[in-house]
Structures are given as C-alpha cells and as structure tokens.
> 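Quick one: this structure, given as structure tokens, is what I'll be asking you about.
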Amino acid sequence: MTSPQILAITTVITPVTALMLVVCLSFLICVAIGMGEETVSDFLSGGRSLSGLRNGLTLFGTHLTVTALLIPVGTVALGGYDGMVFALNTVAALAVVLLLAEPLRKSGALTLGGILEQRIAGPAVRVAASTVTLLVCVPLIIVQLKVAGDATAYLLGMDSVDTARVCTLMIGLLIISFAAFGGMKGTSFIELGKALLCLVAFAAAALLVLARFDWNIGSLMDAAAQGSGRNDAYRTPNYLYGDKAYGSWERVSVSLALVLGSGVLPPILMRIGASRSSRSARRSSCHAIIAFSLFSATMIILGLGAAALAGGRAIVMDDAQGTSALFLLTREIAGGRNGFFATVLACTVFITTLGAVAALTLAAAASLSHNLHARTRHHQASAEQEVRVTRLLLMTLGVLSVALATGLHNWSILFFASWAATVAASAILPALLYTFFWQGLTRRGLLWTLYGSAASCCLLQFFNPTVSGSPLALFPEQDFAWFPLENTAAVTVPLGFLLGWAVSRLDAPTKPRNHPVETPQTHNPGSPPTPTPTGHGRR
C-alpha cells in the first residue's frame, strides 16, 4: 500500500467515523447476544457462564467508569502526591470485593435486596435495598453521561455547552437501547472489550510518555513538578485538601468513600453474583485486582506526563477540576485532536461509558423488578414477565437519567460522584458485613443502617461545600454550608455501622419472631434461593 493511500485512510478514519463504526458494531453485537435471553438467569446473570479470568476482566471493566479514566489523570497532574494516593485508593476498593466475593456468590442472589433477604426476609428490607440502589446508581449514571458528553464534544472539536448537551443526549439514548437489548450477556461482552481496550490503549500512551523522558521515571517526576508550577511541593501531601485542620479529615473521608464505596456498588454485586462458583468469584476478584493495579500505574504515569507536557496552568484554565488533562496530554503526544491516538481515545471513552451506564442501569432496573415487582405480588411473576418488566424499567430509568444528565449538565460532577460513593460506603457496606458476619443483626437494625445512613448522607451533603459556598459548588452564589468537608464519609460510614449495631442491641431483649417468607411457586436460577425463617428477623 502506497503512502498516499495510507494518508487517505488515516484522513478518513477520524474520531467521528471511528465512533460511528464502534456504535454500529456494538449495537449489532448486543442485539445478537441478547436475542436469546428469555429467562431471568440469562438476562440478569448471563447464565453464570463466564470463566474466572473472563469474569475477572469484566469485573475490572465494571469497576472502570469514565470518571476513572479522566479524574485520576487530572488529580495526579494537579495534586502530585495527593493525586497518586487517590489513584491507588481505587485499587484498594477491589480488596473489599475480594473479602465479600465468596459470601456474595454463596447467597445465590443478584441484587442487594436478594442478598439481604437471605438473612432477614420481608418486603420492608427489599424496598429499603431498592431505594438505596437507586440513590447510588442514578447519580452515577448522570456523572457518566455528563463526562462522556463533554469528552465527546471536546474530541470532536466542538466545546460549547449546547454541543456537550446534545452529545450527552445522543450517547445516553444509544446506551439505554444497548442495555435493554443486551442484558447481562451483552453488558459482559462490552465490559470485556472495554477492559482490554483500556489496558492496551493506556499502556501504549504511558509508554509514549516514558519515551519522551528516555524511560526515566525520575526525569518524568522532575518535569511534572516543574510543569505543575509547584516544584518541590508537588511531592508533598496536603495540596488537594489544604493544610487546615479539616484537610486531613477530608483526605480520610475521600479515601473511605473510594475504598469502601467503590467495591460494593450494585453492578459489582451483580457481577460477583454472575460467577460460576465461589471459587470462581474469588479468582475473578484476584484477576480484577491485578488488572486494576496495572491500570492505576498507567494512570499515574499519564498524570505526571500531563503535568510535564501540558502544564498545570493550561489544565486549570481548560477545566478547573482537571478532567480534560488526558485530552491535553493526548494532543501533546499524538499531534492534535484528529490523530490516531485521539481516535482511539474517543472510542475508549465511548465504550467505557457504554459499559458503565449499561451496568448501572441494569442493576437499578433489576433491583426494582426482581425485588419489588416479582416478589411482592400475591403470585410470583413468571420469568418472561420479569424479563419484560426489567427491560421496561431499564428503559424508563435510562430515559429519566438521560433527561437529568442533560438538564443538570452545568452542575458539578463532584456533588453526584461524592454522594453516590458515600451512600454506598455508609449504607451498603455495613448492611452486607452485618448480614454475612454478625449474628446479632435484627430487622430494625438493618433498616436503620440503610435508611439512617442514606438520610445522614443527604443531610450533610446538602450543607457541605459541594452545594454552596465555593466556586465549584452547585450554587456558587449561595452560602449555607455549615459542614466543612466536601465528602461526608468520615462521619456517615461510622454512623452507618453504629446505627445498625445500636438498634440491633436495643432489640436484643425482645423475643425473636419468625417472619413468613413469600415462597415462590417455581424457582428459577436467576432468583435467590428461598430463605429459611430464622430467629434473626427480630422486630
């Protein structure tokens, strides 16, 4: 092939044409994979057919959201030491998955309500679990769609707010269609492809950055410190969170939310439940930890490269939160927005958004259909009815989330991301640990853990600097923030554990009472095994 022909091909294959090709191929594959999913087991768990290695890669892909692509690079570029700690915290989150993998798979359940119901049955527990699932999933969907819309508009060379809104709307509607057709099998395929694409693309980008500095990490660090404008302070902590008294608490709070919340998100629970066996679940978690460790190393290198090559001042001027640092770095190492790496990056961002939003929407819809529609009726819903209801709820939740992401496009993603991670760490994690490992848990203790933690997160989040009192807040011109921390996990996580323990202990003197369990007429592999009433279901 001659040079003019190669030049012509590279001219035609732009981010726009590459995105269109990826969209068409992804849609056709999702339709082909999801056509045969007629049972609840197939639609929600993919028939539990993935091996340990493949499920580990898909678990890594599920854990990898579009914010995990963009935010760590920016925090490392701007925060130096603090940013590197932030990037490593995401690896520690998968250690929580490893701890819970075996009991989660043994429960046989796919949703939070089904898992908790193994210990304490009843509609109140299922309603509480579904409520918390929605509080976590919907804000995260909004974050993914907003960041994806901004990234797509940026890569296409149209940076206006209206263009970003249109990109958010179009991407969101496409993704909801993919999730409705593909189910867990289609989502698993997308997550697997996303994991492999991200590992290869970002490893190649990291190698290009290292090659600029003669493969010397020390030279890269020195150039990053100089490019950031902070010099030696770049290697010291407290820049992102300040030197004030509550700066250390802010660092602790963010770490708690990332480590404890990211590992128990509803899509992660579904992915573990889709493993073949308990042993496969543990192996999948180990594979995911290895993959994410390698990926986090590339994130740190790219963040240092962004500071060294693009410069901290340019990153802040383009986006104060640093989410565009990866794009600015790509422009430096790949020759503009229409180069080969820019095209690969555009496809990577789209596939990542597709997988993350599809998994989150599927988890939220499954929680409503599997825990409420199919389990609270006087007669059990058939598998076909449950799949149809799940698809309908998936599309409804998806359209609602797209509308919110489009309408709230100017709102800071810090509010939504902080809220979702904190609720997961404060409500879901205590509920799971108490359910699996503490025999003294009672019904009221579990409900107080779920509802009390969510309520405390809502209260403190509304009165912290992410809502008012700071330039990046939702309402920057207002100031009614009396809680100083931007992330509330340092208070709400201990409170979640305390509420469950204290209320259960107060219930301890009362006599246990067995609660009747709604026994399904027919059991299918997608439903959790019918729990046996025990004395743990106290009032």
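Computed from a prediction, not measured in an experiment: that's the story for all the values here.
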> Would you confirm whether T111, through its side chain, and A366, through its main-chain N or O, come within 3.5 Å as a donor-acceptor pair?
no
> Step by step, work out the side chain to side chain contact (heavy atoms under 4.5 Å, CB included) result for D82 and R251.
CA-CA 9 Å; D82 289 337; R251 187 184 306 105; 3.9 Å; yes
> Under the rule for side-chain hydrogen bond (donor to acceptor under 3.5 Å, both in side chains), what residues qualify as partners of T466, not counting sequence neighbours?
Q461, N464
> Between atom CZ of F202 and atom CG of L302, what is the distance when rounded to the nearest 0.5 Å?
7.0 Å
> Any side-chain donor-acceptor pair under 3.5 Å between S130 and S367?
yes
> State, yes or no, whether a side-chain contact exists between M270 and P267 at a heavy-atom distance under 4.5 Å.
no
> Looking at every heavy atom in both L104 and S107, which two are closest together, and how far apart are they?
O-OG, 2.6 Å
> Tell me, with the steps shown, if Y451 and T131 meet side chain to side chain contact (heavy atoms under 4.5 Å, CB included).
CA-CA 9 Å; Y451 284 129; T131 301; 4.2 Å; yes
> So L432 and L269, do their side chains get closer than 4.5 Å, heavy atoms only?
yes
> What heavy-atom pair brings A128 and L450 nearest, and what distance separates the two atoms?
CB-CD1, 3.7 Å
> Give a yes or no on whether the backbone of E486 and the side-chain of E250 come within a donor-acceptor separation of less than 3.5 Å.
yes
> Verify whether the ring centers belonging to F463 and F483 lie closer than 6.0 Å.
no
> Quick check: closest heavy atoms across A325 and V73, and the distance to 0.1 Å?
CB-CG1, 4.1 Å
> Could you check whether any side-chain N or O of W419 sits under 3.5 Å from a backbone N or O of L135, counting only pairs where one atom can act as donor and the other as acceptor?
yes
> Going from CG on L199 to CG on L57, what distance comes out if it is rounded to the nearest 0.5 angstrom?
7.5 Å
> With side chains defined as the heavy atoms from C-beta onward, is the minimum distance between I120 and T435 less than 4.5 Å?
no
> Show the numbers, then the answer: is there a side chain to side chain contact (heavy atoms under 4.5 Å, CB included) between L460 and T422?
CA-CA 11 Å; L460 296 182; T422 303; over 6 Å; no
> Quick one, F462 and F480 - any side-chain contact, counting heavy atoms below 4.5 Å?
yes
> Please assess T361 against S401 for the test side chain to side chain contact (heavy atoms under 4.5 Å, CB included), listing each intermediate value before the final yes or no.
CA-CA 9 Å; T361 311; S401 299; 5.9 Å; no
> When rounded to the nearest 0.5 angstrom, what distance separates CD1 in I272 from OG in S285?
4.0 Å
> Testing the basics here: between T352 and T348, what is the closest heavy-atom pair and its distance to 0.1 Å?
OG1-O, 2.7 Å
> Tell me which one of V132, T488, T492, T133 satisfies side chain to side chain contact (heavy atoms under 4.5 Å, CB included) with V423.
V132
> I need the minimum non-hydrogen distance between V136 and A420, along with the two atoms involved.
O-CB, 3.6 Å
> Look only at the side chain of S296 and the backbone of S293, and say whether a donor-acceptor pair between them is shorter than 3.5 Å.
no
> Check whether any side-chain heavy atom of L70 lies under 4.5 Å from a side-chain heavy atom of F327, and answer yes or no.
yes
> Can you tell me how far apart CG (L134) and CG (L400) are? Round to the nearest 0.5 Å.
9.5 Å
> Using a 3.5 Å cut-off and no angle test, enumerate the donor-acceptor pairs between side-chain atoms of residues 164-176 and protein atoms at least two apart in sequence or in another chain.
residue: R165; atom: NH1; partner: T406; partner atom: O; Å: 2.5
residue: T168; atom: OG1; partner: L145; partner atom: O; Å: 3.4
residue: T168; atom: OG1; partner: A164; partner atom: O; Å: 2.9

> Which heavy atom in A356 sits nearest to a heavy atom in K194, and how many Å separate them?
N-NZ, 3.8 Å
> Could you tell me whether the side chain of R271 and the main chain of L59 form a donor-acceptor pair under 3.5 Å?
no
> Once rounded to the nearest 0.5 Å, what's the spacing between atom OG1 of T449 and atom CG of L429?
11.0 Å
> Nearest 0.5 angstrom please: L258 CG to L88 CG, how far?
11.0 Å
